[in-house]
Structures are given as structure tokens and as C-alpha cells.
Amino acid sequence: MSALDPEVANQLAEDLPPDVFRSIISTFEEDLTRLAQDLATAAQLGDQEGYERAAHSLAGAAAAVGAIGLEREARIAMDHRQPEPPASVLPRLLTEAKAALQALHALIH
């Protein structure tokens, strides 16, 4: 399965000027770094509200660029009824984040 929804990602890459698309990817990467750190910190502190808030923001950012795997994992993290502990969700989420960034960067070249 691709890390990106081809319709969303390709539309962004094709419809936006290259410099704007690069800016979107750069902003997404910055947000992703910050939100992943917020998520990990909240998990370490046992801050469920902070964990869900960071996951919600991450899901929205992922959806905006078509990062479907990352969005899926972030939605799992933001669901307080979810039985999976952060220790099992976070590694998958980070793997999906890396795959999404690689796929987005590939669309630039």
C-alpha cells in the first residue's frame, strides 16, 4: 500500500506551482516533527488529553497532504477508546510518517 493517496498527493503536485508545493511539504515536515515530539512527550507523561490533541492535529496535517497511512495511525492514537497503548502505536506512526515524507519528496523530483 502506498503511503500517499495518489489522488490527493498528485493533485497537489500537479495543480500547485513547484515552489508552493515545496513550501507545503516543508511546512508539513516541520509540523510532523513537532507533533510527533508532542505525541511522544504526552505518552511518556501519561497526558491522555495532550496525546489525543497531538494525534488529532497530526491526523489533520496528514489528511491535507494525502498521507493515508499516517492519518490512519494518528486516528488510532486520538481515539481514547482505542485499546492499543502508545508504545505500540507510536512506532507504526513514525514509520508511516517517514514513508509519507519520502513519497512527498519523490513528487518534487
Side-chain angles (χ1 to χ4, degrees):
M1 175 182 244
S2 173
L4 299 177
D5 177 333
E7 286 186 37
V8 174
N10 288 335
Q11 183 176 8
L12 287 172
E14 292 170 6
D15 291 351
L16 296 173
D19 60 322
V20 173
F21 184 62
R22 278 194 281 295
S23 177
I24 287 171
I25 292 173
S26 178
T27 300
F28 174 69
E29 193 165 4
E30 291 168 10
D31 290 347
L32 179 59
T33 300
R34 178 180 48 79
L35 291 168
Q37 182 59 50
D38 290 351
L39 200 63
T41 299
Q44 281 181 328
L45 297 174
D47 176 5
Q48 186 65 31
E49 184 178 320
Y51 180 77
E52 290 174 18
R53 186 174 45 252
H56 183 267
S57 296
L58 192 51
V65 296
I68 53 178
L70 177 57
E71 180 185 4
R72 180 186 63 246
E73 293 301 330
R75 291 197 182 284
I76 290 170
M78 67 187 251
D79 184 356
H80 67 274
R81 299 163 297 177
Q82 166 59 312
E84 281 192 77
S88 65
V89 176
L90 285 173
R92 292 195 318 261
L93 191 142
L94 295 175
T95 297
E96 291 293 341
K98 183 177 178 182
L101 285 173
Q102 288 175 339
L104 285 167
H105 282 286
L107 291 174
I108 293 174
H109 300 82

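These numbers were taken from a predicted model, which means no experiment stands behind them. All residue numbers in this chain count up from 1 along the given sequence.
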Any idea which heavy atoms bring L93 and L70 closest together, and the distance?
-> O-CD1, 3.6 Å
Salt bridge (Lys or Arg N to Asp or Glu O under 4.0 Å): which pairs involve residues 93-104, sequence neighbours left out?
-> R72-E96
Where at least one partner belongs to residues 19-29, residue pairs that pass side-chain hydrogen bond (donor to acceptor under 3.5 Å, both in side chains), sequence neighbours excluded = E29-H105
Any pair with a residue in residues 77-91 that passes salt bridge (Lys or Arg N to Asp or Glu O under 4.0 Å), sequence neighbours left out, goes on the list, sorted by first then second residue, please.
-> D79-R81, E84-R92
Enumerate the residue pairs fulfilling salt bridge (Lys or Arg N to Asp or Glu O under 4.0 Å) with a member in residues 7-17, sequence neighbours excluded, ordered by first and then second residue.
-> none
Search all heavy atoms of A103 against all heavy atoms of L4 and return the closest pair with its distance.
-> CB-CD1, 3.4 Å
Minimum heavy-atom distance V65-V8, with the two atoms named | C-CG1, 3.7 Å
With distance as the sole test, does S57 use its side chain to make a donor-acceptor pair with the main-chain N or O of A54 at under 3.5 Å?
-> no
List in chain and number order the residues that pass side chain to side chain contact (heavy atoms under 4.5 Å, CB included) with L16, two or more places apart in sequence or in another chain; answer none if no residue qualifies.
-> L12, V20, F21, I24
Please identify each residue that fulfils side chain to side chain contact (heavy atoms under 4.5 Å, CB included) with T41, with sequence neighbours left out.
-> Q37, L45
Less than 4.0 Å between a side-chain N and a carboxylate O, is that true for R34 and E30?
-> no
Contacts of T95 meeting side-chain hydrogen bond (donor to acceptor under 3.5 Å, both in side chains) (sequence neighbours excluded), chain-then-number -> none
For A61, check side chain to side chain contact (heavy atoms under 4.5 Å, CB included) against everything at least two apart and list the hits.
-> F28
For residues A43 and P86, report the shortest heavy-atom separation together with the two atoms involved.
-> CB-CB, 3.6 Å
Would a hydrophobic clustering, with Ile, Leu, Val, Met, Phe, Trp and Tyr connected at side-chain separations under 4.5 Å, put L32 with M78?
-> no
So which heavy atom on E71 is nearest to which on A59, and how close?
-> CG-O, 3.8 Å
Search all heavy atoms of L39 against all heavy atoms of A55 and return the closest pair with its distance.
-> CD1-N, 3.6 Å
Side chain to side chain contact (heavy atoms under 4.5 Å, CB included) partners of A42, counting only residues at least two apart | D47, Y51
Sort and list the pairs that fulfil salt bridge (Lys or Arg N to Asp or Glu O under 4.0 Å) and have at least one residue in residues 50-65, not counting sequence neighbours.
-> E49-R53
